[in-house]
Amino acid sequence: VQLQAFGGGLVQAGCSLRLSCVVSGRASSMYGVGWFRQAQGKEREFVAKVSWNSVTTYYADSVKGRFTISRDTAKRSVYLQMNSLKPEDTAVYYCAADPSPIATFTRDFGSWGQGTLVTVSS
């Protein structure tokens, strides 16, 4: 399975942005898809995840209530709707294959694609 993130850009604080992750290959080989981000000089961190065959979602506390993850299996895509963006949300965002319902550590995810840069100006 291969995943690729799209949709990053430059936005002002308080604005919204939607990221897309396109899945190719055997989607059935993964439990779901996770979004991660990595700010300059910091470690990659978990943002949100969604199961592929149901609508189970899970969020990091830092984005809960502002970000919404969803998936469209017909379009083989997973989306991250980001509202009320803050400068601290600035990072390269990645999507990756989620191997299990309980995984949230970066090391547990696979099939990382190239990230997409989100820059939030104050």
Using ring pair (Phe, Tyr, Trp, His ring centres under 6.0 Å) as the criterion, point out the one residue from Y94, Y93, F109 that pairs with F36.
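Result: among Y94, Y93, F109, F109 is the only option passing the ring pair (Phe, Tyr, Trp, His ring centres under 6.0 Å) with F36.
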Mind checking whether F67 and W35 have ring centres under 6.0 Å apart?
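No, the ring centres sit 6.0 Å or more apart.
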How far apart are the C-alpha atoms of D108 and F46, what are their side-chain angles, what is the distance that settles it, and do they pass the side chain to side chain contact (heavy atoms under 4.5 Å, CB included) test?
CA-CA 11 Å; D108 295 326; F46 171 79; over 6 Å; no
Return the minimal non-hydrogen interatomic distance between [X] and [Y], and the atom names on each side.
X	Y	result
L80	A48	CD1-CB, 4.3 Å
A91	A39	CB-N, 3.7 Å
S84	D89	O-OD2, 4.4 Å
M30	A97	SD-CB, 3.8 Å
V1	R26	CB-O, 3.7 Å

Go through the steps for S62 and R37 under the test side chain to side chain contact (heavy atoms under 4.5 Å, CB included), then give the verdict.
CA-CA 12 Å; S62 59; R37 66 186 180 185; 3.6 Å; yes
I need the [X] [atom1] to [Y] [atom2] distance, nearest 0.5 Å.
X	Y	atom1	atom2	value
C95	L3	SG	CG	4.5 Å
T68	Y59	OG1	OH	4.5 Å
I102	Y58	CD1	OH	11.5 Å
Y79	I69	OH	CD1	12.0 Å

Donor-acceptor contacts, no H, no angles, side chain residues 113-122, under 3.5 Å, sequence neighbours left out:
residue : atom : partner : partner atom : Å
T116    : OG1  : G8      : N            : 2.8
S121    : OG   : V11     : O            : 3.4

Not counting sequence neighbours, list each pair that qualifies as a salt bridge (Lys or Arg N to Asp or Glu O under 4.0 Å) and has a residue in residues 47-57.
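Listed by first then second residue: K49-D98.
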Which residues satisfy the side-chain hydrogen bond (donor to acceptor under 3.5 Å, both in side chains) test with [X], sequence neighbours excluded?
X	value
E88	none
K64	D61
T106	none

Set of salt bridge (Lys or Arg N to Asp or Glu O under 4.0 Å) partners for R18, sequence neighbours left out
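If we apply the salt bridge (Lys or Arg N to Asp or Glu O under 4.0 Å) test to R18, skipping adjacent residues, there are no hits.
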Using the side chain to side chain contact (heavy atoms under 4.5 Å, CB included) rule, take R71 and V23 through it: C-alpha gap first, then chi angles, then the decisive distance, then the call.
CA-CA 10 Å; R71 94 280 187 264; V23 179; over 6 Å; no
Is there a donor-acceptor contact under 3.5 Å from the side chain of R44 to the main chain of V92?
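Not confirmed, R44 side chain does not pair with V92 backbone.
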